[in-house]
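Structure first, then comments.
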Amino acid sequence: FFSNTVVANDMIQTLADADNYGVVRQLQEFYADVIPIDSSLFSLNSQRLLNTTLGRPAAAVLSVFLALKTRPSDIRFTSASPATRALASAVAARLVADDIYDYPLNQDSPVLLILDRKSDPVTPLL
């Protein structure tokens with residue numbers, strides 16, 4: 001089993017070529033990079049967003065849309081946070097660049113809202 005890591009066809013072909021005895025019957029990719037909070041809310045649960053490249057957090061966000069077989073109608077982010085702006089840009093660029101996210105938009109398409117807990121005025125008071 002792979003979790004959002006086998007994305008290139010050449011990697012799948014390499015795995016198939018290495019299966020000399022024909023024991024691999026099925027290859028599945030599970031998109032489970034986020035923590036669901038309820039049916040319309042999830043968290044990356046990442047404390048290191050500012051200290052890492054945005055490739056992994058963007059892939060985690062995009063895995064939700066692959067799991068739900070949809071794409072966002074709009075991407076919104078906290079304008080005061082450079083991290084949320086960068087993550088929104090990375091997600092938007094991957095959505096445009098890769099045709100795997102080419103699901104039709106309709107009135108039920110979700111809105112991706114990216115928040116930075118550091119700019120939350122209520123959390124320090126709790």
Side-chain angles (χ1 to χ4, degrees):
F1 294 100
F2 296 95
S3 174
N4 201 27
T5 56
V6 178
V7 292
N9 284 337
D10 61 333
M11 293 176 79
I12 296 171
Q13 186 62 43
T14 302
L15 182 62
D17 292 341
D19 185 25
N20 296 330
Y21 300 106
V23 294
V24 176
R25 296 187 186 260
Q26 188 178 57
L27 179 68
Q28 294 184 1
E29 186 174 13
F30 292 97
Y31 306 106
D33 292 347
V34 297
I35 298 170
I37 296 170
D38 68 16
S39 63
S40 60
L41 182 65
F42 65 89
S43 173
L44 293 181
N45 200 28
S46 175
Q47 303 294 325
R48 301 177 309 270
L49 183 59
L50 294 174
N51 299 333
T52 63
T53 62
L54 292 175
R56 190 69 191 137
V61 170
L62 290 167
S63 75
V64 172
F65 298 116
L66 289 174
L68 297 175
K69 294 181 174 47
T70 187
R71 67 180 171 147
S73 60
D74 196 12
I75 299 175
R76 304 213 176 222
F77 55 90
T78 308
S79 62
S81 171
T84 60
R85 180 183 307 271
L87 181 57
S89 297
V91 169
R94 295 263 309 262
L95 283 170
V96 171
D98 197 346
D99 61 347
I100 193 172
Y101 307 102
D102 194 24
Y103 298 106
L105 289 174
N106 55 40
Q107 66 186 21
D108 295 330
S109 295
V111 173
L112 175 60
L113 178 62
I114 303 171
L115 301 174
D116 186 352
R117 294 294 305 264
K118 290 182 180 178
S119 60
D120 181 7
V122 178
T123 301
L125 300 176
L126 297 177

On a heavy-atom basis, which atom in [X] and which in [Y] lie closest, and how many Å separate them?
X	Y	answer
S73	L105	CA-CD2, 3.8 Å
P104	S109	O-OG, 4.1 Å
S63	A60	OG-O, 2.6 Å

Would you compute the distance between atom [atom1] of [X] and atom [atom2] of [Y] and round it to the nearest 0.5 angstrom?
X	Y	atom1	atom2	answer
Y103	R71	OH	CZ	11.0 Å
L87	L112	CG	CG	7.5 Å
F65	L95	CZ	CG	7.0 Å
L113	F77	CG	CZ	11.0 Å

Report yes or no: does T84 contribute a side-chain atom to a donor-acceptor pair with the main-chain N or O of S81 at less than 3.5 Å?
-> yes
Identify whether I35 and I114 are in the same connected component of the hydrophobic contact network (ILVMFWY, side-chain heavy atoms under 4.5 Å).
-> no
Group every Ile, Leu, Val, Met, Phe, Trp and Tyr by side-chain heavy-atom contacts under 4.5 Å, then state whether L115 and V91 land in the same group.
-> no
To which residues is L41 joined in a hydrophobic cluster, defined by side-chain heavy-atom contacts under 4.5 Å among Ile, Leu, Val, Met, Phe, Trp and Tyr, whether direct or through other members?
-> I37
Could you name each residue pair satisfying salt bridge (charged side-chain N to carboxylate O under 4.0 Å, His left out) that touches residues 14-27, not counting sequence neighbours?
-> none
